[in-house]
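In this text, all values refer to a predicted model and were calculated from it rather than measured experimentally.
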Amino acid sequence: SVAELSGLLAAENNRQGFTVQDDGSIAIPDVGRVQVAGKTVPDAEAAIFKALVSHNIDPTFSLEISQFGSQRVSVGGAVGAAKVEPITLQPLHLDEALTAAGGITAPDRTTASIRLYRKGQIYQIPLKVYYSRPDLQHLPLLNGDSVYVDTQYDLAMAQAYFQQQMSLLSFRQSSKTTALSQLDTESSLDAVKRDYVYLTGEIQTQSRYPLPFGHTASLADALYAQGKGIPTQTGNVSQIYV
């Protein structure tokens, strides 16, 4: 009916998406962070329900996973185009990942192999065996897997590819850790009493300039921060008083 359709459209418009952060929490407006990492959907719903109630917010909602943003599989070597494939709500299988990468392009399929790197181990599947076994074609891939198609003479290239993928993963994790550490430091510093410089007179905006933590600031920094500056028609840079 029209009423049911209107209700579905209203519900769809009221949907909100939240990204699970690196610390395993989601940030809900007017509530704050709620930990959901490691929880089932019902447990996560219970945690969010409790948080909403504690902030006097109507807890009428439903929770569902829309997509995974952090689970990926890399595919390279003798394929149409090397790429990183996300693992979504549906399992990602080996044949699907290879097809998404443009298919296998190895010129000599009698000596070609599919090498799967998983948790420190390399598994080799000869291409002729792969085509003869549907169970291998439909092999579920896991987060962090790397797939490389090559010939038996290119094992060194496969190992180099796997090493590159591990290095990229390590770099991303290190970058996230550093960014979170800096954010925590900045948050803690923000609670410390700041020193300020007050700017008045012929400047674009009368304001208060906060001195940076652990760094010195020049007169020019204070005068020209955030696009303030001195009006060229009414201001005189030779008449600056400190």
Side-chain angles (χ1 to χ4, degrees), residues 15-28 33-41 43-44 47-48 63-106 112-127 129-131 133-151 154-184:
R15 289 180 57 143
Q16 287 183 282
F18 297 95
T19 301
V20 179
Q21 306 298 320
D22 291 334
D23 62 355
S25 68
I26 58 174
I28 302 178
R33 291 184 176 275
V34 179
Q35 284 289 330
V36 295
K39 291 182 170 61
T40 63
V41 171
D43 289 342
I48 296 171
L63 180 67
E64 64 182 30
I65 300 173
S66 61
Q67 65 179 359
F68 294 105
S70 60
Q71 299 188 22
R72 299 177 176 87
V73 170
S74 61
V75 184
V79 293
K83 64 183 304 184
V84 175
E85 279 293 306
I87 298 178
T88 63
L89 291 174
Q90 299 298 323
L92 178 64
H93 300 99
L94 181 56
D95 56 348
E96 296 168 340
L98 290 170
T99 300
I104 297 172
T105 60
S113 293
I114 300 171
R115 305 186 200 275
L116 170 64
Y117 178 87
R118 174 178 291 176
K119 297 181 179 180
Q121 299 291 327
I122 295 179
Y123 303 91
Q124 178 171 304
I125 306 173
L127 209 54
V129 175
Y130 168 78
Y131 283 125
R133 290 183 52 180
D135 59 322
L136 291 177
Q137 297 172 27
H138 209 57
L139 178 70
L141 298 177
L142 306 179
N143 179 41
D145 283 353
S146 289
V147 178
Y148 193 89
V149 182
D150 66 350
T151 66
D154 294 333
L155 179 58
M157 294 179 63
Q159 291 173 329
Y161 176 79
F162 295 142
Q163 185 62 46
Q164 179 191 52
Q165 295 303 315
M166 288 186 290
S167 298
L168 286 173
L169 179 61
S170 176
F171 175 75
R172 292 191 188 103
Q173 292 174 338
S174 176
S175 298
K176 288 181 180 178
T177 301
T178 301
L180 288 173
S181 176
Q182 291 176 346
L183 180 60
D184 290 340

Here the pair of heavy atoms bringing Val36 nearest to Ala44 is CG1-CB, 4.1 Å
Without swapping roles, check the side chain of Thr105 against the backbone of Ala78 for a donor-acceptor pair under 3.5 Å. yes
Minimum-distance pair of heavy atoms, taken over all atoms of Arg72 and Asn143: N-OD1, 2.8 Å
Kindly give the heavy-atom pair with the smallest separation between His93 and His138, and that separation in Å. CD2-O, 3.0 Å
Interatomic spacing from CG in Asp145 to CD1 in Ile87 - rounded to 0.5 Å: 7.0 Å
Residue pair Leu98 / Ile114, side-chain heavy-atom distance below 4.5 Å: yes
Give, for atom CZ of Phe18 and atom CD1 of Ile48, the distance between the pair rounded to the nearest 0.5 Å. 7.5 Å
Distance-minimising heavy-atom pair for Tyr130 and Leu136: CE1-O, 4.1 Å
Working to the nearest 0.5 angstrom, can you tell me the gap between Lys119 NZ and Leu142 CG? 6.0 Å
One should read off an interatomic distance between Thr99 OG1 and Ile104 CD1, to the nearest 0.5 angstrom, of 8.5 Å
For Gln35 versus Ala47, what's the shortest heavy-atom pair and its separation? O-CB, 4.2 Å
Atom NZ in Lys39, atom CG in Leu63: separation rounded to 0.5 Å? 12.0 Å
Heavy-atom closest pair (Leu92 atom, Pro86 atom, distance to 0.1 Å) is CD2-O, 4.1 Å
side-chain contact (heavy atoms from CB on, under 4.5 Å) between Val79 and Val147, worked out: CA-CA 10 Å; Val79 293; Val147 178; over 6 Å; no
Once you round to the nearest 0.5 Å, how far does OH of Tyr131 lie from CD1 of Ile125? 12.0 Å
